[in-house]
Amino acid sequence: MQTQTLTPHVYWAQRHCEVYVRVELSDVQKSDIRISENTLLFSARGHGAKGDNAYEFQLEFLEAVDPKPLFKVTERQVNITVKKTDSRWWDRLTKQEKKPIFLAPDFDRWLDESDAEMELREKEEERINQISVKSRVRKDPYITIKKGYLFMYNLVQFLGFSWIFVNMTVRLFVLGQDSLFDTFHAVGDVMYFCQIFAVLEIINPLLGLVKSGLVPAIIQVIGRNVILFVVIGTQEEMQNKAAVFAVFYLWSIIEMFRYPYYMLSCIDTEWKILTWIRYTIWIPLYPFGVIAEAVCVVQSIPHFDETGRFSIVLPNPFNISFGFSYFLQAYLILMFLGLFINFRHLYRLRNKRLKPRKRKMN
Ligand SMILES: CCCCCCCCCCCCC/C=C/C(=O)SCCNC(=O)CCNC(=O)[C@H](O)C(C)(C)COP(=O)(O)OP(=O)(O)OC[C@H]1O[C@@H](n2cnc3c(N)ncnc32)[C@H](O)[C@@H]1OP(=O)(O)O
């Protein structure tokens with residue numbers, strides 16, 4: 001069978017900067033697409049209006065173009081993009097006034113001059129928006145130092161609380177029940193260190209280093225430190241109570257999960273299981289923790305009454321008296337109020353972290 005050379009159907013459209021040419025040929029092979037002397041030369045074998053054949057055409061452009069066309073051969077067509085040398089709107093595509101018979105407008109891409117200008121403006125606006133968004137979210141130059149500091153803080157706390165937990169657990173296995181009454185002497189110093197250090201948990205959100213809730217952090221740090229430094233620390237009789245074991249054990253269990261979670265967040269990593277534990281384990285631990293702390297407070301009241309420590313007794317120049325045990329009784333109420341505030345805070349955090357977000361249905 002003799003092969004004929006035919007012209008394919010060619011469609012075109014333009015923008016201010018470029019010209020789009022679409023050649024209706026499928027299964028294209030042996031294509032030769034180039035620009036010579038401002039003329040697009042196309043030849044290829046393919047399946048067009050006249051079946052499988054060799055097709056070719058030439059288009060001399062109205063104005064100067066970049067001699068390197070970009071083209072993409074797909075299964076169904078060939079798309080050619082030609083850059084205009086000067087960004088200008090053309091009255092027509094070809095130099096010859098009479099439109100070639102095989103050429104037609106590509107209505108899928110066709111825009112008139114004003115629409116094309118609008119498109120250009122929109123693109124420009126989008127580009128400017130992107131630049132301004134990028135400059136707004138410019139990276140904090142101190143982010144590495146901040147993350148390094150937080151990582152180290154969390155690491156030290158993790159090691160401290162893990163040491164306390166492991167020490168208490170080993171002692172429980174080795175000494176049995178006896179270890180319950182000796183907790184403070186065994187791990188009290190490390191607990192002092194960790195809880196003094198934990199004051200940074202109030203300072204960090206104040207400095208904007210973390211997004212923690214300030215009030216829950218204050219409630220937790222002050223709440224724990226009153227128990228540790230005042231209720232247990234100042235009353236020797238309190239230091240060998242089993243309730244101290246419960247308080248220290250519950251505090252250290254929660255922190256052995258919370259601090260590694262923070263450490264991972266400092267290096268932009270997440271372990272799903274750790275996230276789940278961090279935002280779930282407080283559900284049993286927090287109430288038990290506060291109950292154990294409340295037991296300590298109740299047990300300490302007679303000792304404070306007996307010793308008069310922190311109480312204001314008569315006679316004194318102001319002629320006022322105040323029993324510290326009243327403060328402790330009021331503090332018991334505050335503790336459950338604090339528990340309620342932090343429980344609600346943690347419940348919201350848990351919902352935010354663990355519950356899948358609902359998708360908007362259109
Ligand atoms: C005027 C004050 C009066 C005080 C009166 C006191 C009475 C109150 C008595 C109450 C007694 C409570 C004593 C406490 C007892 C116990 O602890 S019992 C044991 C069980 N305890 C718990 O389960 C509580 C553990 N604590 C916490 O969970 C938290 O510390 C918190 C207090 C609830 C605060 O959480 P918060 O920081 O707001 O939320 P997070 O989701 O953890 O963090 C928010 C984002 O910030 C990032 N972040 C926070 N800290 C760090 C950090 N150190 N390092 C790095 N990043 C950190 C965190 O990653 C989150 O970021 P995003 O993931 O990007 O959101």
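In each ligand, atom 1 is the first atom listed, and ligand 1 is the first ligand listed.
- For atom 19 (C) of ligand 1, the candidate residues are I333, L332, I227, I254; the nearest heavy-atom contact is made by I254.
- Considering K84, R88, E113 in turn, E113 is the only one that fulfils the side chain to side chain contact (heavy atoms under 4.5 Å, CB included) rule with H16.
- What sits closest to atom 1 (C) of ligand 1 on the protein, heavy atoms only, is I218 CG2, 4.2 Å.
- Among the atoms of Q220, some N or O lies under 3.5 angstrom from an N or O of ligand 1.
- For the pair N53 (side chain) and G46 (backbone), a donor-acceptor distance under 3.5 Å is absent.
- For I281, no heavy-atom contact with ligand 1 is shorter than 4.0 Å.
- On a distance-only criterion, E201 and ligand 1 share no N/O pair closer than 3.5 Å.
- In this structure, Y261 has a heavy atom closer than 4.0 Å to ligand 1.
- Note: F184 and F248 have tilted aromatic rings, judged against thresholds of 30 and 60 degrees for the angle between ring planes.
- The shortest side-chain heavy-atom distance between M168 and T183 falls under the 4.5 Å cut-off.
- A salt bridge is defined here as a Lys NZ or Arg NE, NH1 or NH2 lying under 4.0 Å from an Asp or Glu carboxylate O, and R15 with E18 fails to meet this definition.
- Here F257 and Y261 keep their ring centres 6.0 angstrom or further from each other.
- Judged by the shortest distance from any of its heavy atoms, R353 lies inside the 4.0 Å radius around the atoms of ligand 1.
- Protein heavy atom closest to atom 8 (C) of ligand 1, with residue, atom name and distance, is I219 CG2, 3.4 Å.
- Ligand 1 has no N or O atom lying under 3.5 Å from any N or O atom of E255, backbone or side chain.
- Within the 4.0 Å heavy-atom shell around ligand 1 one does not find Q157.
- Remark: R109 qualifies as a cation-pi partner of Y20 under the 6.0 Å distance and 45° angle criteria applied to the six-membered ring.
- Taking any N or O of R224, backbone or side chain, at least one lies under 3.5 Å from an N or O belonging to ligand 1.
- Shown here, atom 57 (C) of ligand 1 is in close reach of the protein: a heavy atom of it lies under 4.0 Å off.
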Take Y326 and S311 through the side chain to side chain donor-acceptor pair (under 3.5 Å) test and state the conclusion after the steps. CA-CA 9 Å; Y326 292 119; S311 295; over 6 Å; no
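- Y286 CD1, 3.5 Å is the protein heavy atom nearest to atom 22 (C) of ligand 1.
- Using a 4.0 Å heavy-atom cutoff, E293 is listed among the residues neighbouring ligand 1.
- Cluster annotation: I253 is connected to Y259 through the hydrophobic network of ILVMFWY side chains, with a link wherever side-chain heavy atoms come within less than 4.5 Å.
- The protein heavy-atom contact nearest to atom 39 (O) of ligand 1 is L349 CD1, 3.1 Å.
- For the pair R224 and W251, the cation sits on the ring face: its NZ or CZ lies under 6.0 Å from the ring centre, inside 45° of the axis.
- Protein heavy atoms are absent from the space less than 4.0 angstrom from atom 5 (C) of ligand 1.
- Of the N or O atoms in Y331, none lie within a sub-3.5 Å distance of an N or O in ligand 1.
- Close contacts of ligand 1 with N154, meaning ligand atoms under 4.0 Å from a residue heavy atom, involve 52 (C), 53 (N), 54 (N), 55 (C).
- Looking at atom 49 (C) of ligand 1, its nearest protein heavy atom turns out to be S212 OG, 3.1 Å.
- Note: no N/O pair closer than 3.5 Å links N342 and ligand 1 by distance alone.
- At least one heavy atom of Y279 sits under 4.0 Å from some atom of ligand 1.
- Looking only at protein heavy atoms, the nearest one to atom 38 (O) of ligand 1 is H345 NE2, 2.7 Å.
- Taking the charged nitrogens against the carboxylate oxygens, E236 and K241 have no contact shorter than 4.0 Å, which rules out a salt bridge.
- Within 6.0 Å of the CZ atom in F322, the count of heavy atoms belonging to other residues, nucleotides or ligands exceeds 12.
- Ion pairing of R127 with E125 is absent here, as no side-chain N (NZ or NE/NH1/NH2) approaches a carboxylate O to less than 4.0 Å.
- Looking from atom 59 (O) of ligand 1 to the surrounding protein, the closest heavy atom is S265 OG, 3.5 Å.
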